[in-house]
Amino acid sequence: MKYELMLFDKNWQFSLSEYLAQMAHQHEAIMARSFERQEQLKTKQPKESAQHTTFEPQALVLSQKTKAYYQRQNLKVDYQLAFHRIRKQLGLSQRAFAKCLGIKLKQVQAIEAGKVLPTLDELLKLATVSGQTLRISFE
């Protein structure tokens, strides 16, 4: 007695052997398209000299919103590194550092993880505790 596994779709049913044959055919078609695309890319690549590869950079145009996002991310990284560096210089754990600054441990952890920006009050406390001067400039 021979059994055939049947697969059902909303509109029709087919046997496992038909399904596998269809998948093999689709795989072959995908591989053929991939090979064709690779050949097209090979013919469109610039000629390379023996000593160097030609590269022409293109200007990257960013929207104001994107620029603002990257500036904010850079600030987070700057403060993240500053908080961590100062805490290590003082030889304090995050808990002791938070207590010294008078802020919550979670806030110190979030700042050092680069998740949030410190408030002006937190920056002033950091400057006082570390004996450094805080300068804010707009350029």
Side-chain angles (χ1 to χ4, degrees):
M1 184 178 271
K2 183 178 177 182
Y3 291 96
E4 183 70 38
L5 178 63
M6 299 296 286
L7 301 174
F8 296 92
D9 193 354
K10 291 179 184 178
N11 301 322
W12 55 285
Q13 68 181 22
F14 50 92
S15 69
L16 183 59
S17 57
E18 290 171 337
Y19 175 75
L20 292 176
Q22 182 182 9
M23 294 305 295
H25 178 70
Q26 288 177 355
H27 176 73
E28 289 172 8
I30 290 169
M31 294 306 291
R33 283 194 305 265
S34 174
F35 179 76
E36 288 173 11
R37 183 67 181 140
Q38 288 175 359
E39 291 300 314
Q40 288 174 352
L41 290 174
K42 285 180 186 177
T43 59
K44 290 183 180 181
Q45 288 180 349
K47 302 277 190 228
E48 294 183 10
S49 68
Q51 295 180 359
H52 68 282
T53 302
T54 57
F55 174 74
E56 295 181 27
Q58 296 179 356
L60 182 62
V61 179
L62 299 176
S63 68
Q64 286 298 99
K65 187 176 180 180
T66 304
K67 285 180 185 178
Y69 170 79
Y70 283 119
Q71 287 172 343
R72 187 170 177 84
Q73 291 305 108
N74 287 338
L75 276 176
K76 285 181 184 178
V77 170
D78 290 344
Y79 289 122
Q80 171 188 11
L81 295 174
F83 261 67
H84 183 76
R85 180 180 46 81
I86 291 170
R87 181 176 66 81
K88 287 297 185 181
Q89 285 175 349
L90 295 173
L92 299 173
S93 66
Q94 285 183 334
R95 186 177 305 281
F97 192 54
K99 189 174 183 177
C100 193
L101 292 175
I103 62 176
K104 294 181 179 180
L105 172 61
K106 287 188 177 197
Q107 184 66 7
V108 170
Q109 292 170 336
I111 292 169
E112 285 194 12
K115 293 180 181 176
V116 298
L117 284 169
T119 64
L120 182 58
D121 186 45
E122 292 166 345
L123 290 174
L124 289 170
K125 288 177 182 179
L126 178 65
T128 303
V129 167
S130 65
Q132 297 182 12
T133 305
L134 176 65
R135 282 190 216 129
I136 299 175
S137 66
F138 297 94
E139 298 174 13

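In this structure, CG in Leu126 is found 10.5 Å from OG1 in Thr119, a value given to the nearest 0.5 Å. If you take NE2 on His84 and CD on Gln89, they are separated by 10.5 Å, rounding to the nearest 0.5 Å. If you take CG on Asn74 and CD on Gln71, they are separated by 8.0 Å, rounding to the nearest 0.5 Å. Note that CD1 of Ile111 is 14.5 Å distant from NZ of Lys106, once rounded to the nearest 0.5 Å. Atom-to-atom distance recorded for Gln109:CD and Lys104:NZ is 12.5 Å, nearest 0.5 angstrom. Atoms SG and CZ, on Cys100 and Arg87 in that order, are 12.0 Å from each other to the nearest 0.5 Å.
Linking Ile, Leu, Val, Met, Phe, Trp and Tyr whenever their side-chain heavy atoms come within less than 4.5 Å puts Leu124 and Val108 in one cluster. When hydrophobic clusters are built by joining Ile, Leu, Val, Met, Phe, Trp and Tyr residues whose side-chain heavy atoms come closer than 4.5 Å, directly or via intermediates, Ile86 is grouped together with Leu75. The same ILVMFWY cluster, assembled from side-chain heavy atoms under 4.5 Å apart, contains both Leu123 and Leu90. When the side chains of ILVMFWY residues are joined at heavy-atom separations under 4.5 Å, either directly or via intervening members, Phe35 and Ile30 end up in two distinct hydrophobic clusters.
No side-chain heavy atom of Glu36 sits less than 4.5 Å from a side-chain heavy atom of Glu39. Two residues are said to be in side-chain contact when any heavy atoms from C-beta on lie closer than 4.5 Å; Val116 and Gln107 meet this criterion. Between Tyr69 and Lys65, the closest side-chain pair of non-hydrogen atoms is not below 4.5 Å.
Other residues, nucleotides and ligands contribute at most 12 non-hydrogen atoms within 6.0 Å of the CZ atom of Arg95.
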From CA spacing to verdict: side-chain contact (heavy atoms from CB on, under 4.5 Å), Leu134, Leu120: CA-CA 10 Å; Leu134 176 65; Leu120 182 58; 4.1 Å; yes
Verdict with supporting geometry, Leu101 and Glu122, side-chain contact (heavy atoms from CB on, under 4.5 Å): CA-CA 7 Å; Leu101 292 175; Glu122 292 166 345; over 6 Å; no
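The two atoms that bring Leu117 and Arg72 nearest to each other are CD1-NH1, 3.3 Å, heavy atoms only.
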